Every structure is written in C-alpha cells, then in structure tokens.
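Letters A, B, ... are given to chains in the order of the sequence lines, protein chains preceding strands, and every chain is numbered from 1. No experiment lies behind these values; they were computed from the predicted model shown. Scope of the values below: all heavy atoms of this structure, side chains included, with no hydrogens, waters or symmetry mates.
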There are 2 protein chains.
Amino acid sequence: MGVTIHDVARAAGVSVASASRALSGRRRVTPEIAERVARAVAELGYQPNAVAKALRDQTTGTIGMVVPGIGNPFFTTIVEAVERELQNSGTDLLLCASQYSPQVEARRLETLLARRVDGLIISPCDIEASVPAVLDAARRVPLVQVDRYIEGGGADWVGVDDEAGVTLAAEHVIAGGARSVSFAGSRPVSSSARLRLSGFERAAARAGVEVLPPLLGEFTLEWGVEAGRRLLDAGRLPDAVVCANDEIAVGLVRSLRLGGVRVPEDVAVVGFDDVGHATMCDPPLSTVRQPVEEMAAEAVRLLGQVKAGDPRPAQRIAIAPRLVVRQTSRPVTASVAE
Amino acid sequence: MGVTIHDVARAAGVSVASASRALSGRRRVTPEIAERVARAVAELGYQPNAVAKALRDQTTGTIGMVVPGIGNPFFTTIVEAVERELQNSGTDLLLCASQYSPQVEARRLETLLARRVDGLIISPCDIEASVPAVLDAARRVPLVQVDRYIEGGGADWVGVDDEAGVTLAAEHVIAGGARSVSFAGSRPVSSSARLRLSGFERAAARAGVEVLPPLLGEFTLEWGVEAGRRLLDAGRLPDAVVCANDEIAVGLVRSLRLGGVRVPEDVAVVGFDDVGHATMCDPPLSTVRQPVEEMAAEAVRLLGQVKAGDPRPAQRIAIAPRLVVRQTSRPVTASVAE
DNA sequence: ATCGATTGGGTAATCGATTACCCGGTTTTC
DNA sequence: GAAAACCGGGTAATCGATTACCCAATCGAT
C-alpha cells in the first residue's frame, strides 16, 4: 500500500502537477508526458487516494442512504433502484440500516455526515422521534426523504400517495361486494403507517360500509400471520381486509387459509407495495403498486437540485399508485389486471 | 458547513493541539482548557471531519462489504449479522451489491479500495471471473470471503460446509423412503452452487438411489417456480427434490402443489439456508440451517487477524450446518424437529 | 539552592491530491 | 518587429485533524 502521485511523478520524471494533469485531463499536457505518466501508473499500480482527493475537493462523490431495515423487500427494492439510478452518475452509495430505531438512525446519520457524504436519501423510521436528527442533517447537506417522512414538513420528500393507494384498495374491494372491511397494518409510528390507516378509514366511511377494528402491529410477514389468527379467533370475519404492505397480506392469507377460510371467496385481501413475492405467492396477491423506479429517479433528481439548508420551501412529490388486481380479490370492471 | 478544529481552538482561546487533545483525550489537558473547548464545541456545533482524520491517520474506521445482491434474503441476513457484530467495535460498514456481475463487483472493489476501507468482507459472485479482482483487493487490504469463495484458495473464507449440508438433506429424504431424487439449484457459477450440486450427487450415488437430471437456473423464487413446472412437464416425478436454497424450494413447492402434487406425500422437498420465509411458508419448509450469526462473528474476528497480503496460508473455516425438519419432508428419527 | 524529571502548551510537519500562481518560450497580431 | 496572447511546466499552498518536537514552568530530590 502507498503508491502516491509523488511516486508516479518521480518515476515519470515530471512534477506532481503534470502527473495530476495527465491523470485528470483537466489541463493539457504534451503527449510525451501523458505517455510517461501512463507508463509509470501502470508500472507502479498507482491507485488514487480518494480520501485525499475528498479532503482537497471538499466533496466525496458519495451519497448516503438510510433505510429502516434491509430485511423488508420494499426497502431493498428501492435501494437497488437508487443504485441503478446513481450508476452512471459516478457517485456511489453508502448504505445504512437504522434497524427501526431512531437512536441507531441518529448515529448512522452522524457518521455519514462525518464522512462528508454529498447528499442523503433517508426513509426516517419514526415520524416523530426522527425529527431532530433528520432536520439537523438536512441543515448540513442536501437531503431527500423517500417513502416515509417526518412530521412538520421540514425536508423534501418523494413517495407514493399513500391515502390514494389505500383508497384505491378499499374502493376496489367494496366494488367487489364487501359490506364489512378491516385494515391490517403497522402501529402508526411512521408516516406510511399513519396515512395508510387514515386513508383506509376515510375511504371506508365515505362508502358507508361497516369498519371492523384495525389490526396494528408491524410491517412483517410474522405480524400478518398473527393478524390472520386474531381475525379467525374474533369469530366474525370481515368481507375484505386491506393491508398496509404485501408482507402482512401474504401472512394474513396464509393464516386465513389454514383456518379454512377461502380467499377471495370468503374474504378478499389486498396488499400494498407490489414487491417481492406478490406475484409468486399463492394465490397471487392483489395489491397497490408503488412506482419504485420512478420514485428512485425522482429522489436522485431532487437531491441534485436541493442545496443544504436553503430556505426554499420543502417539496413533497407524491406519485400516484396503481391498483394491480390478481387473485386475492374479485376483479371488477375498470382496474388493471395482470 | 465548515466548523473546523481551528475555529474551536480560536473560540476557546487555545491552540489546535490543545483542542485536539481535549477532544481525543490522548494527552492530558487542564480541566480549565477541557471546559473551554467543550463549551466552544457545543456553541459552534463542531463536528470532526472524518475525511481529514482518515487521511492523517491512514485508517478510516470503515470496512467494506460486497454481496451479489440484497434481494436475496440470505445475503441481507448475513449483512445484518455483520452489522450487529461490528456495532460495538466502532467501525462501520460500507455496503455494496455486485448485482451478480463480476464487472460491477470489480468496480465496487475498486471504489472501496480507493476510499481506503480498513478491510473487506466479500461474497464473490463468480467462482472464476471474480478471481483477479478479489486477489488484487486481498493484496492491498485484509479481506475475508463469506459464503461464496473464489477458486484456488488465495484468500480466507468463512462459510458453511456446503457438501455436508446437502448430504444431510439428501440422506434425510432417502431415509424417509425416497428411491429417486433430483436437485434444483443454480448454474454452477459460484462455489456454493457447485458444491451443493456435487455434494448432492455424491451423497445420492453413495446411497445408491436413482438420480434424475438436475434443474439448474438461479437462486430465485422465480426459478424455483419454473423448475417445478419443468418437473411437472417431464412427466416423471422424483420422490424428493433437494434445493440449493430456500427461495428455490418455496417456488418449487408452489408449482408442484398447483400441479396437484402433494408435498411431502408425493414429493419431499428440502431447502437450504433457513432464512426469510422458511418458517412462514406453507407448508413450513424443511431445510438446512446456515449458522449465520456464527459466520458473521467468525468473519469479523478473522478480519481483525489478517494483515493485507501477508504470506500466511489462506484459512478456510467451514461451520457445520444443521438439518431442520419441518413439513415438506417426512420426519425420520434422529433429526432436529421444530 | 540546583539539577533533572515531569507536565502541559504551542508551532509546524504530515497525510495525498489538486490547483493558484508564476515563469519562460512560442505563436499570433497589427 | 514589438506587444499580446497562449501554452505547458513547475513550486508551493491548500483541505482538516493529529502529533512530533520544542519550550517554559513546576516539582522533587539531593
């Protein structure tokens, strides 16, 4: 370890300035020098030190991304989309998981900022507890939120229109004949959890159907399984259940079927996200599709525009979701089928 | 942005040396100075620049991790385990995905090295094509491979004993009465893919049962579904299928059931990994458990020991897997049941 | 009282790459 | 033919934190 540009310059018999210029091409050098430098680089196996470059340039060519957990297929999908989006822009991604803990999240942000990332993409794990850390970060560096956001609107956000999504789902099952409906979701610690719940309740109330008490736990398959069991134990089944994500929906369907309930004949189930196993589970899941690629592209674009802590009012870019009807709900006329 | 230790020193009325000492505690300062520096830090909101520190110290407090893809639950599980393992050691993790492409992998390694990570944990995507990039990286920085490895043994490795794992699986289904068996796995571009296939074939041959041609595609649910279809189309079903991972197994079970085949009565299926949905799918999957936490701990420990490019012979640490019998295979006497 | 040891503070070198600035030589322009 | 513009090369400053080295003051021991 430790071939520096000085070594290259010496080996090529030129100054460091010339070596640097030959390498970066930001000023012309004679072909002769370019040649000698190229040879020296190859010979010595020189690899530029990005740390030194970052210090001098005051820019690292790196953006940080913090998501609640990489066990959740929705987040891995969006991470992959962001990576793809960044691919050809030369910047690369520093990925961290907050493990659904605002404390861990704050620490991760801290170290990303210390490493002087040029920007941050974050899905804050808690709508309230994440506020100080996120605002603080946004003051120092361009930051955009994705999917989840903090309350108060202090930072830019790109995501899906959660309320519209669950409304789509609720209206779909109601149009399919559901007279009583329920919601299986997450405890409302995140914006998505809250909006999907409230959007569902509003849509159901508007349609005038009976609303059974919601089942609130976590965004996991395990909780879906558990929610399904509780539904069975409660004795009375709703005609349809709208779920806050696909994992919950898949778990719920599993429990219901194990309990002898037919899906969608007895109970219709609709998920949210349309990532991971939604197409491949049994039966294929009706769900609300998040336009993940679009969100990632938008987030990256927005990140390029925002300057750290500028006074411009925070933007919220909500992308319209789309209902995908598969086989856990009865198809009705005007919806996209696959 | 831009409060430096010089600003702190000025505000506190001391030299940068004293400020640095007060902050790091690596030399004593008077309580008076410590106090003044602490106040200045709080007032100015000073945050040390990790880039500058890294340049001066020649160490970044960061290790890089490269896995083929974060869509695969096995890799996300091991990433999480490594993160946990690193948590209290103060070093943090730079995660990259090679997207199963040796070219992308080489680029990622390149940038991680340029950023001067203190070590690398990698699961090389291709047993042959990954060789030059991995060896090159190992020459510059401590490196340990996890799960997958490159041929030729030029770098340390921690993983599960793949052959022992599939042997466990094969012997289990044979003990359960299978007279004909098949294997559903990935094309042999990675060490795990190769070893699991060859281990299976050896175990089956040893037991003297009939071996149907293997189904080789990718480590995905989609491929599992496809493999199941091909099995159905082939007309002749084996008594048991051993799969190279859980995703394939789950997809295979789904296809078989859709085709009216009962699992495990008509065909027994065993997976590999025991991560993700293995416990929660229907029916719960019999599989070979990888000791992920142990592997992560071992990898981190080993990384602490190896020096870059030292001539010490490469170690291979294979951890014994464990068979977990659930409901896609017939239970036999002496195996762990859950 | 004096000398060596110890303590704590400050100055400036260091890490590696980039680039502002300077300088001598060549070309262009009127 | 002189002035202006241009070109390509080198020296040294710069980014921010750490620390080797130096120095003055204090302490303890004889």
Side-chain angles (χ1 to χ4, degrees), chain A residues 1-38 40-41 44-62 90 110-111 113-118 140-141, chain B residues 1-38 40-41 44-62 90 110-111 113-118 140-141:
Chain A
M1 282 294 288
V3 181
T4 78
I5 200 169
H6 284 90
D7 303 325
V8 171
R10 189 170 333 114
V14 301
S15 72
V16 287
S18 294
S20 178
R21 286 169 187 146
L23 287 168
S24 72
R26 317 192 26 55
R27 247 189 62 180
R28 302 179 45 140
V29 292
T30 55
E32 145 100 44
I33 286 189
E35 167 64 21
R36 296 226 304 270
V37 170
V41 165
L44 302 176
Y46 168 70
Q47 201 204 16
N49 184 327
V51 174
K53 178 172 163 53
L55 178 60
R56 164 70 213 215
D57 293 354
Q58 301 287 322
T59 173
T60 52
T62 308
E110 201 64 14
T111 72
L113 287 171
R115 288 184 200 299
R116 296 302 193 262
V117 291
D118 297 336
R140 309 170 103 98
V141 96
Chain B
M1 282 294 289
V3 181
T4 76
I5 201 169
H6 284 91
D7 303 325
V8 170
R10 190 170 333 114
V14 300
S15 73
V16 287
S18 294
S20 177
R21 286 169 187 146
L23 286 168
S24 73
R26 319 191 25 55
R27 247 188 62 179
R28 301 179 46 143
V29 293
T30 54
E32 145 100 43
I33 286 188
E35 167 63 21
R36 296 227 302 273
V37 169
V41 165
L44 301 176
Y46 169 69
Q47 203 204 15
N49 183 327
V51 174
K53 178 170 161 56
L55 178 59
R56 164 69 213 216
D57 292 356
Q58 300 287 322
T59 172
T60 52
T62 307
E110 202 64 13
T111 72
L113 287 172
R115 289 187 199 297
R116 297 300 193 261
V117 292
D118 297 335
R140 308 169 104 98
V141 95

For a quick test of reading the model: is some side-chain N or O of [X] closer than 4.0 Å to OP1 or OP2 of [N]?
X: B:Ser18; N: C:dG8; result: no
X: B:Ser15; N: C:dT11; result: no
X: A:Thr4; N: C:dG16; result: no

Checklist entry - What is the base-pairing partner of D:dT30, counting Watson-Crick and G-U wobble geometry with both distances under 3.5 Å? => result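 For D:dT30, the partner nucleotide comes out as C:dA1, under the 3.5 Å rule.
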May I ask you to say what [X] touches in the nucleic acid, namely base, sugar-phosphate or nothing, with a heavy-atom cut-off under 4.0 Å?
X: A:Ser20; value: base
X: A:Ile33; value: sugar-phosphate
X: A:Val16; value: base

In whole Å, what is the span from the [atom1] atom of [X] to the [atom2] atom of [N]?
X: B:Arg27; N: D:dC23; atom1: CZ; atom2: P; result: 15 Å
X: A:Arg56; N: C:dC15; atom1: CZ; atom2: C1'; result: 15 Å
X: B:Arg26; N: C:dG8; atom1: CZ; atom2: P; result: 16 Å
X: A:Asp57; N: C:dA20; atom1: CG; atom2: C1'; result: 14 Å
X: B:Arg21; N: C:dA12; atom1: CZ; atom2: C1'; result: 12 Å
X: B:Asp7; N: D:dG16; atom1: CG; atom2: P; result: 9 Å
X: B:Leu55; N: C:dG16; atom1: CG; atom2: C1'; result: 6 Å
X: A:Leu44; N: C:dA17; atom1: CG; atom2: P; result: 12 Å

Next on the checklist: Looking at B:Asp57 and B:Thr59, would you say the former's side chain and the latter's main chain have a donor-acceptor pair under 3.5 Å?
Outcome noted: no
Checklist entry - Do we see a donor-acceptor contact under 3.5 Å between the side chains of A:Arg115 and B:Thr62? => result yes
Item to check | Minimum-distance pair of heavy atoms, taken over all atoms of A:Leu44 and A:Ala11 | outcome: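 Result for this residue pair: CD1-CB, 4.0 Å.
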Item to check | Heavy-atom side-chain contact between A:Val8 and A:Val37 under 4.5 Å | outcome: yes
Item to check | Side chain to side chain, A:Asp118 and A:Val141, heavy atoms closer than 4.5 Å | outcome: no
Next on the checklist: Using only modelled atom types and a 3.5 angstrom limit, is any donor from either the side chain of B:Arg28 or the base of C:dG9 paired with an acceptor on the other?
Outcome noted: no
Item to check | Which residue lies more 5' along DNA chain C, comparing A:Gln47 with B:Ala17 via nearest heavy atoms | outcome: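 Between the two, 5'-proximity favours B:Ala17.
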